[in-house]
Amino acid sequence: GPPTMIAALLLHTLAAVVWVGGMFFAYVVLRPVAGTMEPPARLKLWRGVFDKFFVWVWISAIVLLSSGYLMALVFMGGMGAVGLSVHIMNGLGFVMVLIFMHLYFTPWRRFKAAVDGENFEQAGAELNTIRKIVHINLNLGLITTVIGATGRYWG
């Protein structure tokens, strides 16, 4: 009943805040400051930051998907009964997870290997790719957050 729905919504909200807030911090706050550092130090910093943050993104993605489907399927009458905002959140969230999986399994792996091998030119190129992908997911995450906060009032 309501306690389970409240717990699911609580976990869903916290997971969104962790993922989207982490991207906002990385892109808007850390990136400009790290950009003033020498390339080897900057790239090693990002390797350590992403190594820690991506664990939280995986946790957040799993929590968001499982709690979202739990709420929709068990407490909201199924996907046929939910409003447009839930369908949009579901679609955007799924796209965000796919984008993150691409980032994690392709440019992130190449970036780690380049930093570890001290190939800082390649690492810089991979970091630029990661930056572009994070920018896309940050924007999708901000849009999805606004939809989550306002969707129930759409009518």
Within-4.5 Å side-chain heavy-atom neighbours: N90 and M79: yes

If hydrophobic clusters are built from ILVMFWY residues whose side chains come within less than 4.5 Å, do M71 and W154 share one? yes

If we only count heavy atoms from C-beta on, is the L30 to L45 side-chain gap below 4.5 Å? yes

D116 and R47 have their tightest heavy-atom pair at OD1-NE, 2.7 Å

F105 atom CZ, neighbour heavy-atom count above 12 within 6.0 Å: yes

Residues A15 and S60: closest non-hydrogen pair is O-OG, 3.3 Å

On a heavy-atom basis, which atom in W46 and which in A26 lie closest, and how many Å separate them? CH2-O, 3.4 Å

State, to 0.1 Å, how close M76 and V86 come at their nearest heavy-atom pair, and which atoms those are. CE-CG2, 4.5 Å

Quick one: pull up CZ in R152 and CD1 in I147 and give me the separation to the nearest 0.5 Å. 13.0 Å

Given the rule that I, L, V, M, F, W and Y join up when any side-chain heavy atoms are under 4.5 Å apart, are M96 and Y69 in one cluster? yes

Can you label the angle between the W108 ring and the Y104 ring as parallel, tilted or perpendicular, going by 30° and 60°? tilted

Does some side-chain heavy atom of F111 sit less than 4.5 Å from a side-chain heavy atom of L43? yes

If hydrophobic clusters are built by linking Ile, Leu, Val, Met, Phe, Trp and Tyr wherever their side-chain heavy atoms come under 4.5 Å apart, do I136 and L64 end up in the same one? yes

Minimum side-chain heavy-atom gap F53-V134 below 4.5 Å: no

Reported CG-to-NZ distance for the pair L103 and K132, which is rounded to 0.5 angstrom: 13.0 Å

Got F120 and K44 here, is their nearest side-chain heavy-atom distance under 4.5 Å? yes

With no hydrogens and no angle check, is any side-chain donor or acceptor of H87 less than 3.5 Å from a backbone partner on G80? no

So, T36 side chain and V33 main chain: donor-acceptor pair closer than 3.5 Å or not? yes

Verdict with reasoning, F24 to V20, per side-chain contact (heavy atoms from CB on, under 4.5 Å): CA-CA 6 Å; F24 184 89; V20 178; 5.5 Å; no

Just by modelled atom types, is the S67 backbone N or O under 3.5 Å from a matching donor or acceptor in the H12 side chain? no

Apart from V18 itself, which Ile, Leu, Val, Met, Phe, Trp or Tyr residues share its cluster (side-chain heavy atoms under 4.5 Å, direct or through members)? L11, V55, W56, I59, V63

Inter-residue atom distance L92.CG - L140.CG, 0.5 Å rounding: 6.0 Å

Can you confirm whether more than 12 heavy atoms, excluding those of Y27, are under 6.0 Å from its OH atom? yes

Common cluster, L14/L138, ILVMFWY with side-chain heavy-atom separation under 4.5 Å: no

Distance, nearest 0.5 Å, that separates CD1 of I88 from OG1 of T144: 9.5 Å

For a quick test of reading the model, state the closest non-hydrogen atom pair linking A123 to V115 and the distance between them. CB-CG2, 3.6 Å

Side-chain heavy-atom pair N119, E121 within 4.5 angstrom cut-off: yes

Is the closest side-chain heavy-atom distance between N139 and H135 below 4.5 Å? yes

Using a 4.5 Å cut-off on heavy atoms from C-beta on, say whether the side chain of I133 contacts that of F100. no

With the 4.5 Å side-chain cut-off for hydrophobic clustering, are M5 and L73 part of the same group? yes

CZ-CZ distance between F25 and R31, expressed to the nearest 0.5 angstrom: 13.0 Å

How far does CG of N128 sit from CZ of R131, to the nearest 0.5 angstrom? 4.5 Å

